[in-house]
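Single-structure report; data block below.
Whatever order the structure lists ligands and atoms in, that order sets their numbers, starting from 1. As the structure is a computational prediction, the values presented were derived from the model and not from experiment. The figures that follow rest on heavy atoms only: side chains count, while hydrogens, waters and symmetry mates do not.
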Amino acid sequence: MRDGLDLYDTTIHEGHQLLTSGELSSVQLTKAVLERISRVEEDLHAIVTVTEDLALHQAEEADEVLHGGSPTPLTGIPVVIKDNMCTKGVRTTCSSRMLEGFVPPYNATVVEKLTDAGMVLVGKGNMDEFAMGSSNEHSAFFITRNPWDLSTVPGGSSGGPAVSVASGEAIYALGSDTGGSIRQPAGFCNVVGLKPTYGRVSRYGLVAFASSLDQIGPMTRDVTDCALVMNAIAGYDRRDSTSVDYPVPDYTKSLIPDLKGLRLGVPKEYFVEGMQQGVEGVMRAAIAKLEELGATVDWEASLPHTRYALAAYYIIAPSEAMANLARYDGVKYGFSYNGDNMWDAMERTRQYGFGPEVKRRIILGTYALSAGYYDAYYLKAQKVRTLIMQEFARAFQRYDALITPTSPTVPFKIGQKVDDPLQMYLSDVCTLPINIAGIPGLSVPAGFHDGLPVGMQILGKPFCEEVLLRVGYAYEQATDWGRRRPPI
Ligand code: GLN
């Protein structure tokens, strides 16, 4: 392990070496992480449910496997999972009153896969309610704080998982990303976050927000760890009809420290109006570094339909959310309010069970899909979606990957945007088009502006996560931004 770092600061691959050489046990590592949680959680509020007993039990089992079974790179390593992935016997709240007491009777496929790989679950990560938001301020329970500056937001909706990884409350995490929810908080917290290609990772057991956009992915301390987690979670699942039966490579093979022969494009539309100059400065320096590492860079790439992505997203995502959230009626499971009659009970269940942002999305979606408006909004948004996909496909004939900022700004102050939905929505302007197109996107630490982290986003063709990992890895090896730890 690197000098001067505490145990909870290890990466997966460094921790794995210590565990397999016998220098460290999983119980010791897990206790170090649990102890860290009890020390910093009061300031950070990143975790909805700490699963201490389960973690220690899984750590003991992992130690047995490490001593004579066949350990995987994840065996015995503590993880936080976003609280919208079903964990059997551990409540899964989506940070909503609606599911506050919901204990799933089954595991999500990713949870099953990580269990098979020897995970140690230390907690369920806080999030914006039902993954709707970009700051964690829409959690029904508490606001997660950014460890780089406690007065700023950690990003969202996977803010809890991002903060856990950044601050040593977990060694890695799983997040979900519908419009940026892995990459934007990863960028805000100086960790690595990957939204895989739509269909690459099973969504079975992920509480649905917008089913044609949702995807689960890793949040880690470095790119090597990201590859290791992808090796464990990617692949076909017959229980998710949108998962794709396409061979899963060994992602660690793409960890090559140079970029010789790669063609990169920098789409000018992602350097948007309202972008902080400091962020732009960090990005220009980062891209110059990629050039130094051997890539050819076209600084004048163009994706003109980018400007319609935000509008299309805020029709498509709320429309799907409205349909997905219809199931919370107070009858089958979740929060339930006793009314005078069935309709009254249902109305009040939804009135008290959902927070304001979720209601806003349901109303937007209901409007966009209503008779007479369907063609004008939903159908049109779907046509825009096709144009955006085609535009990316054309760009990837010329470039192996595209480079953009992950967000136009560094983390903003708590309270700054929460009453202005449009400003909040604009913070995902660089990440949403990627979900619309279904392509993969990786955010890696790119530098700092005003003492706060800036993320670089790397985009590629469907099922070409390896190219993104290669670019991220080469950049990471040539810089030290990702090795910096927050002052908490
Ligand atoms: N911030 C975006 C939204 O509120 C994206 C959220 C997400 O990716 N889950 O919809």
Side-chain angles (χ1 to χ4, degrees), residues 81-85 94-96 125-140 144 153-162 173-189 193-196 198 201 203 206-219 309-325 354-365 368 381 406-409 411-412 416-443 455 457:
I81 294 181
K82 188 178 182 179
D83 212 14
N84 60 351
M85 294 172 220
C94 284
S95 291
S96 177
N126 194 29
M127 53 187 281
D128 288 290
E129 184 175 2
F130 282 101
M132 297 170 187
S134 313
S135 69
N136 256 249
E137 290 164 291
H138 294 309
S139 166
T144 301
V153 304
S157 62
S158 312
L174 288 188
S176 71
D177 190 314
T178 304
S181 278
I182 289 176
R183 293 158 287 154
Q184 185 253 22
F188 275 15
C189 294
L194 173 66
K195 183 206 86 80
Y198 185 75
V201 176
R203 293 180 299 110
L206 169 70
V207 179
F209 163 12
S211 307
S212 77
L213 304 162
D214 299 340
Q215 190 64 195
I216 293 170
M219 304 180 82
L310 187 90
Y313 175 87
Y314 277 98
I315 297 294
I316 296 168
S319 298
E320 294 181 11
M322 176 279 259
N324 276 326
L325 270 57
F354 288 139
E357 184 60 28
V358 174
K359 287 179 190 159
R360 186 177 294 123
R361 306 288 176 110
I362 292 174
I363 292 167
L364 273 172
T406 303
S407 306
T409 68
F412 44 90
Q416 191 183 329
K417 299 191 179 181
V418 72
D419 296 322
D420 187 345
L422 187 59
Q423 278 309 311
M424 188 73 90
Y425 297 171
L426 279 168
S427 66
D428 295 316
V429 66
C430 300
T431 48
L432 301 168
I434 286 65
N435 303 71
I436 300 246
I439 61 176
L442 174 71
S443 180
Q457 185 177 228

### Heavy-atom side-chain contact between Phe412 and Ser135 under 4.5 Å
yes
### Task
Check whether any side-chain heavy atom of Phe188 sits under 4.5 Å from a side-chain heavy atom of Thr406, and report yes or no.
no
### Task
State which residues pass side chain to side chain donor-acceptor pair (under 3.5 Å) with Thr144; sequence neighbours excluded, sorted by chain then number.
Asn126, Asn136
Quiz: residues 421-430 side-chain donor-acceptor pairs under 3.5 angstrom, not counting sequence neighbours:
residue, atom, partner, partner atom, Å
Tyr425, OH, Glu357, OE2, 2.7
Ser427, OG, Met424, O, 2.7
Asp428, OD2, Ser134, OG, 2.7

### Message
Measuring only between side-chain heavy atoms, which start at C-beta, is Ile434 closer than 4.5 Å to Gln457?
### Response
yes
### Query
Can you list, by chain and residue number, every protein residue with a non-hydrogen atom closer than 4.0 Å to ligand 1?
Ala131, Met132, Gly133, Ser134, Ser157, Asp177, Thr178, Gly179, Gly180, Ser181, Phe209, Tyr313, Tyr314, Arg361, Asp428
### Query
Sequence neighbours excluded, which residues qualify as salt bridge (Lys or Arg N to Asp or Glu O under 4.0 Å) partners of Asp177?
Arg183
